[in-house]
Number of protein chains: 2
Amino acid sequence: MTPLRVLLADDHTMLREGLRRSLAGHGIEIVGEANDGKAALDQAASLKPDVILMDVTMPILNGIDATRQIRRTVPGCAVVMLSMHGETEMRSQAAKAGAADYLVKDCSTDDIVAAIYKAAGMPPPETDSKVLTHREAEILQMIADGKGTSEAAAALFISLKTVKNHLASAYAKLDAADRTQAIVKAAKLGIINLDV
Amino acid sequence: MTPLRVLLADDHTMLREGLRRSLAGHGIEIVGEANDGKAALDQAASLKPDVILMDVTMPILNGIDATRQIRRTVPGCAVVMLSMHGETEMRSQAAKAGAADYLVKDCSTDDIVAAIYKAAGMPPPETDSKVLTHREAEILQMIADGKGTSEAAAALFISLKTVKNHLASAYAKLDAADRTQAIVKAAKLGIINLDV
DNA sequence: ACAATTTTGGGTCATTCGACCTATGTAGAA
DNA sequence: TTCTACATAGGTCGAATGACCCAAAATTGT
């Protein structure tokens, strides 16, 4: 019922925003973001997230060392490590530091979601909040970002009619009377994201 | 810059929601709500809010006793007491327990805001995010809550035209092209609230 | 008392929106 | 293969929306 509370720890803002977007709609709530290992440590203590998605290479304090300390000081937080490459060496170090999992950054969103739930000791919510199709959610997100119907159509290289159809379908599924309600409801469900 | 983190402790859900609404748009973030004194104690420790708005009469553990314990265990949290009545007796007990202020529940939102900032040792943000007039924000909130234009008009006993005018005015101030963008922007600014 | 702001109300206009309908191609599942 | 779901695209139609004007109470501040 209550969404998994996740902390993002990565020094790349762009990647964090991408993750924030990608993880929306999977019952995952991003409760905080950290730029470096030290910040991750602090936020882990104060926010007590269920899971921390932590990059290996970060300034000030690297992800491995941060994980080791977090596992000691905040044992309730599971840590999923992210890395650019899949070096065996790193994997074992991460495991030794107490990481629940180790992912390479080019894996799919579903992989990340699965790893997060596995780390939290929960099964992924399957069809849970997957009320909307990818396309519907994508278009709804663009509307929430301030694009108009025709702008969304242009950006996606599809017809205005198609955008309207997807929106209409989304409204029906969300039981929303208009796009404003749809945005609000989708945001509440975590299907789209109003941040950034 | 960063909003004041406030915890609401009151056993009346309705009053909490009202406060949540009222305090939006004053640079105040409601980080949690508690139903009773014990929950307030727990959440004060875990959330470490800047200020706690605490009712005097609550089940399990009353507000005065909860305040006393919180002031001892989480000295960083200032406590503003709320009461139905302004008994002198209570006031002095609250002060003795370490409350920063004591408000009667029929005071205005501005009074509460002022008390919260005073308790946090900060000046209220004056004209800060007061981009919209009360009426504009009120109507925008109703739209966000799923009401249509005419429903809002009916609820406020004013003309449909007036509602449209307020909305148009709000759009202009928020630099929003339509109501959806206006809702999103207003929510980001904390002027309205998408929760509840 | 006066000025400024807010709230209220009106009108017109083109544009957009959402409801309702059908239809095609492409997947994937049974 | 057949069936289902999805994405794509079109049409029509009435209603709602937003842009652009305007003005008069009511409130507030000075």
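Lettering follows sequence order; numbering is per chain, from 1.
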message: Should the side chain of A:Asp178 and the base of D:dA16 be counted as holding a donor-acceptor pair, with the cut-off at 3.5 Å?
response: no

- prompt: Whole Å only: how far is the NE2 atom of A:His166 from the P atom of D:dG10?
  reply: 13 Å

query: What is the distance, rounded to the nearest whole Å, between atom NZ of B:Lys161 and atom P of D:dC20?
result: 14 Å

- prompt: What is the distance, rounded to the nearest whole Å, between atom NZ of B:Lys164 and atom C1' of C:dT15?
  reply: 13 Å

task: May I ask you to evaluate whether A:Arg135 reaches the phosphate of D:dT8, defined as a side-chain N or O under 4.0 Å from OP1 or OP2?
output: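 Yes, within the criterion.
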
Spacing between B:Glu151 atom CD and D:dA16 atom C1', to the nearest angstrom: 13 Å

Whichever of B:Thr180 and B:Asn165 has its nearest DNA chain D nucleotide further upstream toward 5':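 Checking each residue's closest nucleotide, the 5'-ward one belongs to B:Thr180.
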
- request: Report yes if at least one side-chain N or O of A:His134 is closer than 4.0 Å to OP1 or OP2 of D:dC6; otherwise report no.
  value: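 Answer is no, no contact under 4.0 Å.
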
task: Verify the neighbour count for atom NZ of B:Lys173: are there more than 12 heavy atoms of other residues, nucleotides or ligands below 6.0 Å?
output: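 It does: B:Lys173 NZ has more than 12 such atoms within range.
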
Between C:dT8 (P) and B:Leu160 (CG): distance, integer Å: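 In whole Å, C:dT8 P and B:Leu160 CG are 13 Å from each other.
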
- prompt: NA contact type, B:Thr149, heavy-atom cut-off 4.0 Å: base, sugar-phosphate, or nothing?
  reply: sugar-phosphate

task: Go through D:dA9, C:dG18, C:dT7 for me and flag the one nearest to the A:Thr162 side chain.
output: D:dA9

- prompt: Rounded to the nearest Å, what distance is computed from the CG atom of residue B:Leu156 to the P atom of nucleotide D:dA26?
  reply: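 About 18 Å, once rounded to whole Å.
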
task: Classify the nucleic acid contact of A:Ser159 as base, sugar-phosphate or nothing, counting any heavy atom under 4.0 Å across all strands shown.
output: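 If one applies the 4.0 Å heavy-atom cut-off, A:Ser159 turns out to touch the sugar-phosphate alone, with no base involved.
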
